[in-house]
Structures are given as structure tokens and as C-alpha cells.
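Notes follow once the structure below has been shown.
Keep in mind that this is a model prediction, so the values were computed, not measured.
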Amino acid sequence: MGFFRSDPPVVQFEAVIDTDGMTWQAYTDENGVLVIDTAADVEVFVNRAIVDGCVYPAWVDDYGQLVIELDS
């Protein structure tokens, strides 16, 4: 038996964390694409996100959207 969801849940996150452990303030635009809130021109490799004060595994997909693993 399995469950089918047509739409992923919408989750509000506070920030993302890169592979070096640095926390970045971020948000998603109207298309759901992750935007890092910084004036610097940097490349950030996201591997975690902060949701309600808890840290969860996360990554950015091929479309630039943040995917958060809330089940872990």
C-alpha cells in the first residue's frame, strides 16, 4: 500500500545551510525558485534547511526549487 500526493506540502523555512555549515537567509520567489539573500556573488551548495527551529536535510532540484526532507 502506498500514498499518492498530487502536490508537495508547502513549508515555510527560516534559512538554508550550505555544505560548509554556513547559514544563509533565503526565500522563494513567485515560481518557487530559491533565492539566497546576499549582495555577494557566491555559489552556495545547500544541504540543509531550518524549519521551525529544527534542521532538516535539503537540496535544490534541477529547477532551482528547495526540497526539504521533513520525514528524517
Side-chain angles (χ1 to χ4, degrees):
M1 177 186 229
F3 295 97
F4 176 77
R5 288 187 276 167
S6 61
D7 293 317
V10 175
V11 175
Q12 187 170 359
F13 63 95
E14 289 106 45
V16 295
I17 304 171
D18 68 13
T19 54
D20 293 326
M22 185 165 182
T23 302
W24 298 86
Q25 296 301 313
Y27 60 92
T28 54
D29 67 9
E30 62 276 354
N31 297 317
V33 174
L34 182 69
V35 178
I36 303 291
D37 192 14
T38 180
D41 187 20
V42 295
E43 189 171 25
V44 177
F45 296 98
V46 174
N47 70 348
R48 290 168 286 172
I50 302 172
V51 178
D52 292 330
C54 297
V55 178
Y56 294 94
W59 71 92
V60 178
D61 69 11
D62 293 338
Y63 302 103
Q65 298 176 336
L66 182 65
V67 179
I68 304 171
E69 293 182 24
L70 295 175
D71 296 335
S72 56

Find the distance between CD (Gln25) and CZ (Phe13) and round it off to the nearest 0.5 Å. 9.5 Å
Quick one, Glu14 and Asp52 - any side-chain contact, counting heavy atoms below 4.5 Å? yes
Under a single-linkage definition using a 4.5 Å side-chain heavy-atom cutoff for Ile, Leu, Val, Met, Phe, Trp and Tyr, are Val60 and Val11 assigned to the same hydrophobic cluster? yes
Are Ile17 and Tyr56 connected into the same hydrophobic cluster when the rule is that any two of I, L, V, M, F, W, Y join if their side-chain heavy atoms are below 4.5 Å apart? no
State plainly whether one hydrophobic cluster holds both Tyr27 and Tyr63, where clusters connect Ile, Leu, Val, Met, Phe, Trp and Tyr through side-chain heavy atoms under 4.5 angstrom apart. no
May I ask whether Val16 and Leu70 are part of the same hydrophobic cluster, defined by side-chain heavy atoms of I, L, V, M, F, W, Y residues being less than 4.5 angstrom apart, directly or through others? yes
Quick one: side chains of residues 28-46, donor-acceptor pairs under 3.5 Å with protein atoms, not counting sequence neighbours, listed by atom name and distance.
residue, atom, partner, partner atom, Å
Asp29, OD1, Asn31, N, 2.9
Asp29, OD1, Gly32, N, 3.1
Asp29, OD1, Val33, N, 2.9
Thr38, OG1, Ala40, N, 3.2

Side chain to side chain donor-acceptor pair (under 3.5 Å) filter on Asp18, not counting sequence neighbours, yields Trp24
